[in-house]
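The structure under discussion appears below in the form of structure tokens.
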Protein chains: 2
Amino acid sequence: MTTDSLSRQAIIDAALAIIDSDGVDGLSMRRLGKHLGVDPKAVYYYVPNKAALFDRVIDALYDEMALDQLEFTGSWRADLAAFATRLRDVLRRHPRTLMVFATRPGAVIAYAGGAENALTRLQDAGFTPRQGLTMISCVRSLTVGLLIAELVEPVGASSDSTIEPMADYPVLTSAISGGFDADEQFRVGLSALLDGFAAAEPKAVHH
Amino acid sequence: MTTDSLSRQAIIDAALAIIDSDGVDGLSMRRLGKHLGVDPKAVYYYVPNKAALFDRVIDALYDEMALDQLEFTGSWRADLAAFATRLRDVLRRHPRTLMVFATRPGAVIAYAGGAENALTRLQDAGFTPRQGLTMISCVRSLTVGLLIAELVEPVGASSDSTIEPMADYPVLTSAISGGFDADEQFRVGLSALLDGFAAAEPKAVHH
DNA sequence: ACCTGAACACCGTTCAAGT
DNA sequence: ACCTGAACACCGTTCAAGT
């Protein structure tokens with residue numbers, strides 16, 4: 001509950017911990033202060049406002065992903081899959097940060113190191129930087145989009161979710177029966193997307 | 001500002017209008033009441049709480065999409081593209097609802113009518129209901145994911161977005177120069193995804 | 001049936017002041 | 001340099017009461 005002395009890092013760690021356990025809405029400056037054993041306003045000495053605090057939490061997630069340390073194989077296809085998987089694994093460890101993460105605008109900037117590597121890799125394979133960016137952007141969007149569908153709690157937790165009569169929808173019912181397998185959807189969807197990009201693959205510039 | 005008499009529909013319309021103009025965070029029960037020329041708590045007579053209000057707003061968006069009225073062509077590929085485009089067009093008309101929309105869990109249920117049609121269509125093409133659901137889910141996730149990257153404002157509007165030194169990232173810089181074309185990314189990404197699914201297309205059961 | 005008053009338990013943030 | 005007190009302008013929601 002209490003820490004010896006306040007520090008920027010301790011604040012960010014506490015914020016992430018609170019989001020992990022109580023969700024984004026569970027993080028208030030006041031609860032954060034209590035968690036740190038300090039007056040809520042003490043935080044403002046280290047961080048200008050709540051938005052900036054969110055930014056720092058997301059930075060911590062990117063650090064955990066270590067996208068700039070992805071090892072490249074001989075295949076850009078495998079490399080993009082590794083990128084998506086790394087992204088997905090970290091976000092699955094912090095499911096409740098997902099909406100903050102997804103809506104961070106600096107997203108592209110924040111993993112600039114990783115993106116640069118990946119783009120270079122795709123350029124070597126003959127794609128233009130613009131094509132490469134589209135590919136990365138789509139891989140990221142598919143991954144994040146599927147994660148949101150899988151594990152986010154709604155922006156104002158839903159209420160009257162009376163599951164409607166599914167009797168009118170036999171095919172849908174049959175599709176859902178047997179469970180909604182998020183891992184399978186990710187695997188299949190990512191494969192399809194990469195297959196599609198591969199079909200448009202130009203001659204390699206060198207290799 | 002003021003309406004003759006309060007009604008459930010007037011409340012939902014006002015809520016959507018406020019979100020459209022001021023964002024999700026701009027919608028408070030108190031501001032909603034002011035907008036309707038009524039005590040904020042009057043709303044509680046028509047809607048149990050704010051979460052339910054969000055649910056009704058999203059229902060309104062699904063109505064606007066009219067997914068169950070999509071006309072089917074001879075090609076499941078074209079049909080899925082039409083689905084994605086319809087989804088995207090409506091969300092681009094209401095960009096600030098996006099996060100609420102994306103995180104609505106009943107998503108699958110809410111467009112059950114459209115989903116049933118699409119799944120039947122894919123089943124005719126030889127895909128199992130489970131495969132069909134994966135395809136729809138991926139198309140939706142890619143579409144929503146790209147939209148989020150394109151036009152959402154962050155969950156606590158970002159602050160210190162000092163664009164970092166991009167000098168270290170020449171390929172990334174070159175990829176971004178010439179503009180970040182969201183329409184192109186959507187077109188290319190969706191094509192790739194559908195191409196990938198098509199590559200796995202089984203023999204048609206009939207046709 | 002439809003709306004309001006009073007009240008409760010919360011928010012983020014500023015700014016001057018304390019140590 | 002680091003933290004707090006007082007204060008401001010907000011929240012969602014309940015519940016009894018008014019018409």
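Naming: A, B, ... by sequence-line order, numbering from 1 per chain. Below, each value reflects all heavy atoms present in this structure, side chains not excepted, and no hydrogens, waters or symmetry copies.
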Query - Identified stems (criterion: three or more consecutive Watson-Crick or G-U pairs, under 3.5 Å), DNA chain C - result: C:4-8 with D:12-16, C:12-16 with D:4-8
Query - Shortest non-hydrogen separation from A/Ala84 to A/Val139 and the atoms involved - result: CB-CG1, 3.6 Å
Requested in this report: May I ask you to say whether A/Asp59 pairs ionically with A/Arg56, meaning some side-chain N is under 4.0 Å from a carboxylate O?
Outcome: yes
Query raised in the report: Side chains of B/Asp79 and B/Thr73: do they bring a donor and an acceptor to under 3.5 Å?
Result: yes
Query raised in the report: Taking OP1 and OP2 of C/dC3, is either one under 4.0 Å from a side-chain nitrogen or oxygen of B/Tyr46?
Result: yes
Query raised in the report: Any idea how B/Phe127 and B/Trp76 line up, ring-wise: parallel (<30°), tilted (30 to 60°), or perpendicular (>60°)?
Result: perpendicular
Report summary line: Heavy-atom contacts, protein to nucleotides 5-19 of chain D, under 4.0 Å, summarised as B (base), S (sugar-phosphate only) or - (none) per nt, yield BB----BBBB-----
Query - d(OH, A/Tyr45; P, D/dT4) in whole Å - result: 13 Å
Report task. Drop me the distance from B/Asp22's CG to B/Leu27's CG, to the nearest 0.5 angstrom. Result -> 9.0 Å
Query raised in the report: Will you find, in the side chains of B/Asp181 and B/Gln185, an N or O donor that is under 3.5 Å from an N or O acceptor?
Result: no
Query - From A/Ile148, A/Thr143, A/Leu142, A/Val144, residue fulfilling side-chain contact (heavy atoms from CB on, under 4.5 Å) relative to A/Leu146 - result: A/Leu142
Query raised in the report: When you compare C/dC10 with D/dA9, how far apart are their C1' atoms, in angstrom units rounded to a whole number?
Result: 14 Å
Query raised in the report: To the nearest 0.5 Å, what is the distance between CG (B/Leu190) and OG1 (B/Thr85)?
Result: 6.5 Å
